[in-house]
Amino acid sequence: MRRDLGEMSDMAAAERLVSVAGCALLDIGCGAGENARALAERGAEVLGVEPDRQAAAANRTAAPRPGLRFIEAAAEALPAESGTIDGVFFFRSLHHVPPAALDRALDEAMRVLKPATGFLYVVEPAVTGSFHELIRLFHDETAARAAAQAALERIRPRFAAIETCRYLQRPRFADFAALIARFAGSTYNSIRRESIDRPQVRARFAAGQAPDRTSAPDAVAPNRTSAPDTATYIFEQPLLVDLYRGIL
């Protein structure tokens with residue numbers, strides 16, 4: 001049974017479960033680097049690892065931050081020495097690893113971790129909630145997310161301690177164009193505008209309209225606890241945390 005943490009940001013959940021100040025960390029599949037930056041701001045030395053060439057290049061050319069570096073690399077071949085890393089994070093990225101490479105990616109994470117004290121922290125979207133029901137109409141990740149969870153189950157016997165939790169976020173959009181802007185044209189996927197802008201998707205999106213947006217709860221974005229409520233369409237996205245400590 002997963003412990004329910006309630007509604008919160010990625011960093012609020014991470015701060016509740018692990019201490020990162022002074023740690024050497026990897027953020028694998030870091031995307032645009034928001035969580036990597038947030039970890040560095042909390043006193044960690046962070047290497048953001050991103051396999052997508054364009055996203056990795058954008059990260060490397062961004063303004064430098066203390067304690068933060070970026071590199072282009074795959075989860076199956078991490079650029080770190082064995083037994084040197086305090087913590088490895090996958091924020092919604094494990095299911096993007098090809099299914100045939102999932103075990104190798106997790107083996108690599110364990111290789112770089114300090115055996116006695118290192119931790120592996122994995123956040124994955126659940127295949128439940130209104131946001132999943134919306135996006136699966138144009139980008140169905142059900143099988144990929146199931147494969148990631150199965151890979152996580154396979155490594156359980158290799159750790160001394162395991163903690164599982166869940167928390168909730170509410171993705172929010174001002175209008176349908178904002179949904180398209182979020183998903184279409186990303187360099188790390190092949191989602192096209194035409195696959196999103198269809199009647200079925202519009203109908204499911206319309207079902208997320210807040211009945212009274214002036215009284216809707218504040219937004220919870222990945223690294224914010226709240227924001228002014230300007231969204232008209234609000235969805236629910238449960239997130240699953242698997243935290244492993246102490247390699248056996």
Side-chain angles (χ1 to χ4, degrees), residues 1-16 29-35 37-38 52 55 90-96 122-149 164-241:
M1 178 70 71
R2 291 182 181 270
R3 180 160 63 99
D4 191 354
L5 302 180
E7 185 175 352
M8 61 178 54
S9 69
D10 289 345
M11 282 301 108
E15 286 181 309
R16 180 174 296 192
C30 65
E34 294 95 340
N35 284 317
R37 292 182 178 88
D52 180 74
F90 287 85
F91 286 104
R92 300 180 184 80
S93 56
L94 185 62
H95 69 279
H96 290 297
V122 183
V123 180
E124 279 288 295
V127 291
T128 58
S130 57
F131 195 55
H132 170 71
E133 293 302 314
L134 171 67
I135 65 173
R136 75 182 183 88
L137 295 175
F138 58 87
H139 186 57
D140 191 352
E141 294 184 323
T142 303
R145 296 180 188 182
Q149 291 299 315
T164 61
C165 306
R166 62 187 291 129
Y167 59 98
L168 180 68
Q169 291 183 355
R170 299 181 191 275
R172 314 161 75 84
F173 302 89
D175 51 30
F176 193 74
L179 177 75
I180 293 175
R182 173 165 173 173
F183 285 99
S186 296
T187 59
Y188 53 84
N189 64 45
S190 57
I191 302 174
R192 297 176 300 146
R193 178 189 182 94
E194 299 78 43
S195 66
I196 304 173
D197 196 357
R198 296 183 293 120
Q200 303 97 310
V201 182
R202 283 186 173 272
R204 185 65 58 84
F205 183 81
Q209 186 168 18
D212 179 4
R213 70 180 185 179
T214 61
S215 61
D218 283 346
V220 176
N223 293 313
R224 295 197 304 268
T225 56
S226 64
D229 184 14
T230 59
T232 304
Y233 301 88
I234 305 171
F235 302 88
E236 290 193 350
Q237 177 177 277
L239 294 155
L240 310 178
V241 180

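As the structure is a prediction and not an experimental result, all values here were calculated from the model. Side chains are part of it too, since the values below use all heavy atoms of this structure and drop only hydrogens, waters and symmetry mates.
For the pair Pro125 and His132, the minimum side-chain heavy-atom distance is 4.5 Å or more. Counting heavy atoms from C-beta on, the side chains of Leu168 and Leu239 never come closer than 4.5 Å.
Within 6.0 Å of the CZ atom in Arg193, the count of heavy atoms belonging to other residues, nucleotides or ligands does not exceed 12.
Here the shortest heavy-atom pairing between Arg92 and Asp10 reads NH1-OD2, 2.6 Å. In terms of heavy atoms, Gly129 sits closest to Pro238 at CA-CD, 4.0 Å. A pairwise comparison of heavy atoms in Gly31 and Ala55 identifies O-CB, 4.2 Å as the closest pair. Nearest heavy-atom pair across Pro171 and Arg182 is CB-NH1, 4.1 Å.
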Derivation and outcome, side-chain contact (heavy atoms from CB on, under 4.5 Å), residues Ile135 and Asp140: CA-CA 7 Å; Ile135 65 173; Asp140 191 352; over 6 Å; no
Verdict with reasoning, Phe176 to Ile196, per side-chain contact (heavy atoms from CB on, under 4.5 Å): CA-CA 10 Å; Phe176 193 74; Ile196 304 173; 4.0 Å; yes
Trace of the side-chain contact (heavy atoms from CB on, under 4.5 Å) decision for His95 with Glu141: CA-CA 8 Å; His95 69 279; Glu141 294 184 323; 3.1 Å; yes
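For Arg166, there are no salt bridge (charged side-chain N to carboxylate O under 4.0 Å, His left out) partners at least two apart in sequence or on another chain. Qualifying side chain to side chain donor-acceptor pair (under 3.5 Å) partners for Glu236, counting only residues two or more places apart in sequence or in other chains: Arg170. With sequence neighbours excluded, the residues forming a side chain to side chain contact (heavy atoms under 4.5 Å, CB included) with Ala13 are Leu5, Met8, Tyr121, Tyr167, listed by chain and number. Annotation: salt bridge (charged side-chain N to carboxylate O under 4.0 Å, His left out) contacts of Glu124 (sequence neighbours excluded): none. In this structure Arg3 satisfies the salt bridge (charged side-chain N to carboxylate O under 4.0 Å, His left out) test together with Glu163, sequence neighbours excluded.
The distance from the SG atom of Cys30 to the CZ atom of Arg37 is 8.0 Å, given to the nearest 0.5 Å. Ile191 CD1 to Phe183 CZ: the interatomic distance, rounded to the nearest 0.5 Å, is 6.5 Å. Separating the SG atom in Cys165 from the CG atom in Leu240 is a distance of 10.0 Å, to the nearest 0.5 Å.
Between Phe131 and Phe235, the ring planes are tilted. Angles from 30° to 60° get that label.
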Just distance, no hydrogens or angles: give the donor-acceptor pairs under 3.5 Å from side chains in residues 198-211, sequence neighbours left out.
from	atom 1	to	atom 2	distance (Å)
Arg198	NE	Ser195	O	2.8
Arg198	NH2	Leu137	O	2.5
Arg202	NE	Asp197	OD1	2.7
Arg202	NH2	Asp197	OD1	3.1
Arg204	NH1	Glu133	O	3.1

